[in-house]
Amino acid sequence: MEEEMEVMEEREVEERVVEIEHPLPCLSESDTQGIIKGRDLFGYVGIEAVLDQMRRKTMKAGFEFNVMVVGQSGLGKSTLVNTLFKSKVSRKSCTPNYEEKISKTVHLQSVSHVIEEKGVKMKLTVIDTPGFGDQINNENCWEPIVKYVNEQYEKYLKEELNVNRKRRIPDTRVHCCVYFLPATGHWLRPIDVEFMRRLGKIVSIVPVIAKADTLTLEERLEFKQRIRQDLQANGIRVYPQKEYDEDAEDRILNDKIRENIPFAVVGTDKEHQVNGNKVLGRKTKWGIIEVENVAHCEFAHLRDLLIRSHLQDLKDVTHNIHYEAYRVKRLNESNANGLALSPLTLENGTLEKSDAETSPCFILLR
């Protein structure tokens, strides 16, 4: 009997050792989340159908995208916007009896359209900045633009803080600012440096070289290198920023984009016949410059960035980075002053007033 008891005790000790050496895959108190993959499921659950649900809901509601174009008159801002969306969406194109004249001050104007493609609806708002950089004295010409961007953040913040807020808050925040650089072939001008340095902190900036067909390929390459040097030397943040890359895949894609910044672009809304095919292009004595041909210009790269690959990311960066920074700043100010949100003021203490004239122009484009 004593020998049998000893054998049983030895077996119990061995079982305990085995349990310690090979613990069961149970969850500890510190790790309460288990990962169950498809091969571990008993059958089809249907979790993937949530993507179809999100798609249907988005297609019904549509979405908003607000783009601002900034640059001197005559750089082709309206033409490029029309080329991007292949529609007459610029302020110049849809304003009756439009007269080209230089504004004495920077006066922001916006026009909105509803564009529909394959059942997907997008409310596009194009904000133009006539008068920017057109004067002899351009001191502080960026201030109305900074004020406009902050006003849109303020409107969104006030809607969020309402007790009975709307189910879907109208989004008028600027998701992207396309800044047009003249094709001088030299360095960035002081006005370019100052504008991008200030605006890069509150909005996503994408710099482009306008009318790049006026430069040779060698001049274009050298100009782009000089601009990148200026951007780095002045600490100017342009989209996409390295610190916003979420993973290795995003980093690889965005590194390729950063190598092409600023984009050397050509815009036109006229079609020409090339080898029996209709293409968008500019006709010269020496041939046709094809807008969508990457061997001629980088318009296709800009379009892919703004629409096909990074449109949602531009909106996410606006909401999670730029708007969040503004929201924290305003709430800290309100906490310092009291419970109520204090009015947004300028540096001289006067209340801000909107300089933007919004021209609602809702057109269904098919």
Side-chain angles (χ1 to χ4, degrees), residues 67-95 98-102 111 113 115 117 124 126-130 132-134 176-186 188-189 192 205-228 256-257 259-309 363 365:
V67 58
M68 175 183 284
V69 290
V70 182
Q72 286 178 281
S73 299
L75 292 181
K77 299 188 297 294
S78 299
T79 303
L80 185 69
V81 171
N82 291 342
T83 311
L84 275 171
F85 297 97
K86 296 188 176 180
S87 307
K88 302 290 185 180
V89 295
S90 67
R91 176 182 58 90
K92 184 187 297 186
S93 301
C94 62
T95 302
Y98 177 82
E99 293 183 7
E100 186 73 44
K101 58 182 181 180
I102 296 178
V111 59
H113 306 270
I115 301 177
E117 184 180 37
L124 171 69
V126 179
I127 304 107
D128 198 0
T129 56
F132 177 84
D134 292 334
C176 178
C177 174
V178 181
Y179 187 72
F180 287 70
L181 300 166
T184 61
H186 300 297
L188 288 179
R189 302 168 302 169
D192 301 328
I205 294 180
V206 177
V208 300
I209 301 172
K211 297 187 176 181
D213 52 329
T214 60
L215 299 172
T216 66
L217 294 179
E218 292 79 10
E219 289 172 341
R220 182 191 302 178
L221 180 61
E222 187 177 354
F223 189 34
K224 286 164 67 76
Q225 290 175 347
R226 288 177 177 176
I227 290 174
R228 284 195 287 267
K256 293 181 180 178
I257 295 171
E259 290 175 1
N260 289 321
I261 287 177
F263 298 101
V265 298
V266 177
T268 184
D269 52 5
K270 294 181 180 179
E271 291 185 334
H272 299 279
Q273 289 283 345
V274 176
N275 299 326
N277 299 320
K278 284 186 176 181
V279 297
L280 287 171
R282 287 169 57 87
K283 189 174 182 179
T284 67
K285 292 181 180 180
W286 306 274
I288 295 176
I289 301 166
E290 299 176 34
V291 169
E292 296 178 303
N293 188 339
V294 292
H296 293 187
C297 74
E298 296 170 341
F299 168 82
H301 296 319
L302 174 66
R303 179 194 58 200
D304 291 347
L305 172 69
L306 295 182
I307 302 173
R308 299 185 181 181
S309 64
I363 304 172
L365 304 174

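Just so you know, these numbers use all the heavy atoms, side chains as well, and skip hydrogens, waters and symmetry mates.
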The single option from Arg220, Lys224, Arg226 passing side chain to side chain donor-acceptor pair (under 3.5 Å) against Glu222: Arg226

Mutual orientation of the aromatic rings belonging to Phe263 and His301 [parallel < 30°, tilted 30-60°, perpendicular > 60°]: tilted

Test item: Asp213 and Arg282 side chains (from C-beta on) under 4.5 Å apart, heavy atoms: yes

N/O donor-acceptor pair under 3.5 Å between Thr83 side chain and Thr268 backbone: yes

Contact check, side chains of Val81 and Val67, non-hydrogen atoms, under 4.5 Å: no

From Leu305 atom CG to Asn260 atom CG, the distance as rounded to the nearest 0.5 Å: 10.0 Å

Under 3.5 Å: donor-acceptor pair, side chain of Lys77, backbone of Asp128: no

Nearest-0.5 Å distance, CD1 of residue Ile261 to CD1 of residue Ile227: 11.0 Å

Point-to-point distance, once rounded to the nearest 0.5 Å, from CZ of Phe180 to CZ of Phe132: 12.5 Å

Under 3.5 Å donor-acceptor, Arg189 side chain and Leu181 backbone: no

Validation row: Arg303, Glu292 side chains within 4.5 angstrom (heavy atoms): yes

Asp304 backbone acceptor or donor facing Ser309 side chain under 3.5 Å: yes

Donor-acceptor pair, side chain of Thr129 and main chain of Val69, under 3.5 angstrom: yes

Phe223 CZ to Thr184 OG1 distance, which is reported to the nearest 0.5 Å: 3.5 Å

